[in-house]
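What follows is one structure encoded as structure tokens, with my remarks underneath.
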Amino acid sequence: MTDTLDAAPQTLDEIPREPTQDGPKVRLYLVDGSGFIFRAFHALPPLTRKSDGLPVGAVQGFCNMLWKLLVDMKASDDAPTHLAVVFDHSEQTFRNKLYDKYKAHRPPPPEDLRPQFPLVRDATRAFGVPCLELPGYEADDLIAAYACKVRDFGGEVVIVSSDKDLMQLVGPQVTMLDTMKNVRIGPEQVVEKFGVPPDKVVDVQALCGDSVDNVPGAPGIGIKTASALILEYGDLDTLLSRAHEIKQDKRRQTLIDFADQVRLSRELVRLDCDTPLPSPIDELAVEDPDPQVLADFLELMEFRTLARRVVEARGGAAPTATPAPAETKGPQVPQHAAIDVTTYQCVRDVETLDAWIARARAAGIVAFDTETDALSSASAELCGVSLAVAPGEACYIPVGHQDEAAGGLDFEEPADLAQIPCEEVIARLKPLLEDPAVLKVAQNAKYDMAVLSRYGIEVGPIDDTMLISFVLEAGLHKSHGMDELAKRWLDHEPISFKTVAGAGKAQKSFKHVPLSEATCYAAEDSDVTLRLYEHLRPRLAHEHLLTVYETLERPLPKVLVEMELAGVKVDPERLRQLSNDFAVRMGELEIEAHRLAGRPFNLGSPKQIGEVLYQEMGLATGKTTGTGATSTDASVLEDLAAQGHELPRTLLDWRQLSKLKGTYTDNLVAAISPRTGRVHTSFSLAAATTGRLASSDPNLQNIPVRTEEGRKIRKAFIAEPGHVLISADYSQIELRLLAHIGDIPQLKQAFKDGLDIHAMTASEMFGVPVEGMPAETRRRAKAINFGIVYGISAFGLANQLSIPREEAGAYIKTYFDRFPGIRTYMDRMIQQVRSQAFVTTIFGRKVHIPAARGKSQAERSFADRAAINAPIQGAAADVIRRAMVRMPDALRAEGLTARMLLQVHDELVFEAPEAEAEAVIAVAKRVMESAPEPAVALSVPLVVEARAAANWDDAH
DNA sequence: TCGACGCGC
DNA sequence: TGGGATGCGCGTCGAT
């Protein structure tokens with residue numbers, strides 16, 4: 001191989017495996033990754049990836065720096081034997097326990113920077129360099145710990161950073177390197193900066209403090225004074241104990257008054273050399289990057305210049321052929337051996353468990369899945385956890401398996417069910433599942449996160465194969481469940497749950513499934529998940545959907561878990577009373593209906609209603625259902641009632657009550673969790689192709705609101721004592737987005753002027769002034785506005801407004817004449833869906849509409865309407881998702897304890913202490929109205945209306 | 001398991 | 001030509 005990287009003085013074989021052994025001296029380069037990201041972000045002009053607008057400036061700066069370092073290193077006399085990039089883990093460290101204001105004023109990282117954090121770690125790995133990070137510690141502490149260790153073994157350390165906080169580590173064997181300014185920092189440079197040698201830097205920093213990190217220090221003392229004092233008295237303790245000797249009155253008093261604060265400051269700035277090392281030093285040995293992995297990464301990031309440099313440095317020619325178009329090439333997918341469930345391991349002792357955890361850490365990635373004894377994550381108990389560290393390398397860790405209650409004539413030998421105690425498993429898995437340096441992968445991560453959060457584990461960082469599939473192929477498949485994905489991509493049919501647990505009446509809880517079978521089933525799920533991840537994840541970047549995934553999907557499971565676990569309080573007494581009331585009135589209506597029909601019949605059966613109305617009473621409207629049966633739906637019954645018939649009205653009234661009672665009152669009471677006394681819905685992220693969420697078990701997105709009777713149910717949604725419910729909803733969000741997307745000047749102006757949009761539409765269409773406009777005129781315009789969003793036809797509008805079809809057709813024609821931009825928008829979408837079979841939202845979400853390739857005209861018409869609607873409905877869904885992602889932090893930043901409980905497509909419902917109501921409304925409005933920014937600058941304002949009240953109906 | 005119906009946005 | 005003729009969900013019920 002002529003790879004120039006091989007020309008480095010040491011090859012892998014010569015690198016000592018143990019730094020303690022005799023042999024070539026260790027020379028460790030530690031790159032301050034976190035410091036570098038921020039520096040690159042602020043120093044370099046903003047750069048976005050051309051294909052999809054993903055901000056990548058800091059990643060590019062980082063890659064250039066790392067590449068330059070690797071090249072320079074080889075040429076230099078002090079080339080490293082070992083190398084790692086060190087990252088901060090979380091905002092909470094032991095320093096926050098010492099001093100709660102430590103780094104408290106730090107604003108959250110800029111929005112453009114956040115998606116780049118994981119990418120920089122990807123970059124590091126692509127260059128074949130280990131990433132180091134540790135929960136509860138800053139990068140500086142890890143750097144200190146490694147530096148001390150290597151130094152004590154007689155090795156050398158080069159810290160690639162310009163952070164002054166690291167200068168305390170400089171010494172004969174430890175230097176710093178500022179690659180951006182290309183300067184070395186040794187003891188001399190430290191004296192230049194602090195006026196004292198490195199071993200006194202901590203004392204000086206303790207005295208002068210640091211406003212950026214919120215280290216208090218002593219007021220009025222800066223570097224000059226501090227270093228002079230330390231030089232005079234020798235060290236900080238001596239200075240403080242002899243503070244009374246200081247001549248200057250003010251300075252003397254300051255040091256006496258603030259002695260404790262200075263000592264605390266010293267603890268905050270002193271780096272901890274005893275920080276545990278996440279990886280042994282010999283695992284940091286310099287290795288050449290895998291050329292293919294690196295090339296693939298640079299290609300994905302579209303760093304063409306750097307990619308060319310890397311190829312040239314290797315001695316190869318720069319690629320001359322133009323790469324194939326992105327859509328046709330497809331990313332590389334690794335090939336693996338077929339799935340074999342007999343190879344999985346059942347983990348039943350801690351040594352084996354620890355070995356699996358170590359393998360996961362070494363791999364830096366682990367797929368996992370939780371097995372539970374129930375479907376609802378809010379109540380499910382853990383039965384076990386499976387892990388996969390590589391394709392085919394998976395295990396199952398049972399924790400709650402039991403013998404089935406031995407009853408009757410069961411003489412079978414009791415199975416060996418020895419398992420590691422649940423608490424032990426949780427305690428050992430927690431650090432792994434929370435480790436920022438280990439990526440977790442799950443299928444439908446929300447479920448596992450909800451289950452594990454009740455065991456005190458906050459899983460992260462995490463990728464979700466279901467959401468990746470959804471981003472790539474929403475609309476192409478009805479479900480993105482694992483079994484379907486496995487069949488589609490791995491050509492493999494996983495063991496079904498039914499096979500191991502049985503079905504129907506005979507179904508048993510997973511905890512009663514024998515361990516051997518449970519292991520095959522559970523471990524296979526993790527194995528499949530990991531393989532799916534390897535298959536699907538590369539496509540995100542390749543198909544320019546990484547930003548959609550990172551911003552609109554990946555952050556949401558965590559947010560939704562919090563909402564689902566919070567639940568919403570309902571008043572069971574009120575609902576029971578309503579239910580009784582409904583039942584009584586239904587009984588009366590039923591008697592009345594039987595009397596009118598002349599015989600008893602089932603009011604709940606459309607078929608029997610048809611017999612009574614159409615055959616026996618001879619009524620007719622002619623409307624039929626899809627299967628040819630005569631329809632009895634509400635619009636038909638309304639027509640018949642309008643003709644003066646009594647029975648249809650009775651049926652309509654009965655149906656309304658039946659619906660309310662059957663769907664809402666009774667079931668909501670049944671849905672109250674005995675554990676929390678609240679109702680916990682489940683939100684689905686991958687249900688509606690447009691990106692809307694869906695709610696189920698129970699569905700809290702279709703609680704009645706339109707009728708007086710229905711609103712009684714809404715009134716049963718209440719807040720805890722001393723709290724209020726707050727409802728914040730977007731006003732006309734879909735029409736506003738249509739105005740923006742379709743670029744409709746009159747609509748945009750009307751929204752900017754805050755006009756009544758339906759009245760303005762009516763005025764524009766019918767040429768009547770808004771003032772004194774008849775209500776009916778406005779109603780018609782409103783129906784048209786909504787119809788347009790849904791791709792309505794003249795027939796549909798005629799039905800909606802009960803007007804002749806010709807008249808409806810004329811309205812639509814007038815509408816298009818007045819707002820020609822809308823016709824243009826519709827035609828554009830129809831053309832796009834017919835040529836590509838998908839449309840996109842302004843945020844980049846892709847909605848596939850395969851019916852556009854359908855055989856029948858009906859199918860294609862359907863596709864046309866979906867194509868008109870999807871970019872609007874989808875953009876609205878994207879907007880509220882963005883608001884939801886930011887909401888918890890925004891509330892917390894204002895010191896508010898309010899919680900987000902529900903999302904109803906254009907509405908968010910919160911629960912807050914009464915005293916917080918106003919502040920919460922302000923935050924909710926701000927976050928929701930600015931949600932599109934900075935990704936999209938809308939040409940219309942978004943307006944959110946919010947109210948607080950004791951129940952949902954009054955708040956809405 | 002399916003279709004009809006009806007609740008929401 | 002002419003049938004079918006507003007988007008996206010979920011839950012209940014009766015009929016099969």
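Each chain gets a letter, A, B and so on, in the order its sequence line appears, and its residues count up from 1. Both backbone and side-chain heavy atoms feed into the values below; hydrogens, waters and symmetry mates do not.
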Can you tell me the distance, in whole Å, between the [atom1] atom of [X] and the [atom2] atom of [N]?
{"X": "Lys607(A)", "N": "dT12(C)", "atom1": "NZ", "atom2": "P", "value": "24 Å"}
{"X": "Met829(A)", "N": "dT6(C)", "atom1": "CE", "atom2": "C1'", "value": "18 Å"}
{"X": "Leu735(A)", "N": "dG7(C)", "atom1": "CG", "atom2": "P", "value": "17 Å"}
{"X": "Ile609(A)", "N": "dA15(C)", "atom1": "CD1", "atom2": "P", "value": "10 Å"}
{"X": "Phe470(A)", "N": "dC8(C)", "atom1": "CZ", "atom2": "C1'", "value": "11 Å"}
{"X": "Asn667(A)", "N": "dG11(C)", "atom1": "CG", "atom2": "P", "value": "10 Å"}
{"X": "Gln701(A)", "N": "dG6(B)", "atom1": "CD", "atom2": "C1'", "value": "16 Å"}
{"X": "Phe862(A)", "N": "dC8(C)", "atom1": "CZ", "atom2": "P", "value": "4 Å"}

Scan Ser861(A) against the nucleic acid and name what it touches under 4.0 Å (heavy atoms): base, sugar-phosphate only, or nothing.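 No contact.
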Classify Val904(A) by what it touches in the nucleic acid, base, sugar-phosphate, or nothing, heavy-atom distance under 4.0 Å.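 Counting heavy atoms under 4.0 Å across all strands, the contact made by Val904(A) is with sugar-phosphate only.
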Can we say [X] and [Y] salt-bridge, meaning some charged N sits less than 4.0 Å from an Asp/Glu carboxylate O?
{"X": "Lys446(A)", "Y": "Glu564(A)", "answer": "yes"}
{"X": "Glu553(A)", "Y": "Arg881(A)", "answer": "yes"}
{"X": "Arg585(A)", "Y": "Glu590(A)", "answer": "no"}

Interatomic distance, Asp954(A) atom CG to Ile718(A) atom CD1 [nearest 0.5 angstrom]: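 That separation rounds to 12.0 Å.
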Donor-acceptor pair present, Gln873(A) side chain and dG7(C) base, under 3.5 Å: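 Answer yes: a donor N or O sits under 3.5 Å from an acceptor.
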Is a donor-acceptor contact shorter than 3.5 angstrom present between the side chain of Asn699(A) and the base of dC10(C)? no
Would you indicate, yes or no, if [N] has its OP1 or OP2 atom less than 4.0 angstrom from a side-chain nitrogen or oxygen of [X]?
{"X": "Ser605(A)", "N": "dA15(C)", "answer": "yes"}
{"X": "Thr632(A)", "N": "dC5(B)", "answer": "yes"}
{"X": "Asn602(A)", "N": "dG14(C)", "answer": "yes"}
{"X": "Arg692(A)", "N": "dC9(B)", "answer": "no"}
{"X": "Arg706(A)", "N": "dG8(B)", "answer": "yes"}
{"X": "Ser684(A)", "N": "dG9(C)", "answer": "no"}
{"X": "Gln608(A)", "N": "dA15(C)", "answer": "yes"}

Have a look at Gln701(A) and tell me which of Gln903(A), Arg692(A), Glu907(A) forms a side-chain hydrogen bond (donor to acceptor under 3.5 Å, both in side chains) with it. Gln903(A)
Which pair of non-hydrogen atoms, one from Leu738(A) and one from Ile822(A), has the smallest distance, and what is that distance?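 Looking at all heavy atoms of both residues, the shortest contact is CD2-CD1, 4.0 Å.
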May I ask you to list the residues of residues 790-828 of chain A, by number, that have any heavy atom positioned under 4.0 Å from an atom of DNA chain C?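 Residues of residues 790-828 of chain A under 4.0 Å from DNA chain C: Tyr790(A), Gly791(A), Ile792(A), Ser793(A), Phe795(A), Gly796(A), Gln800(A), Arg805(A).
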Residues Asp743(A) and Tyr825(A): side-chain donor-acceptor under 3.5 angstrom: no
If we ignore angles and hydrogens, is there a donor and acceptor under 3.5 Å between the side chains of Arg805(A) and Ser793(A)?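 No.
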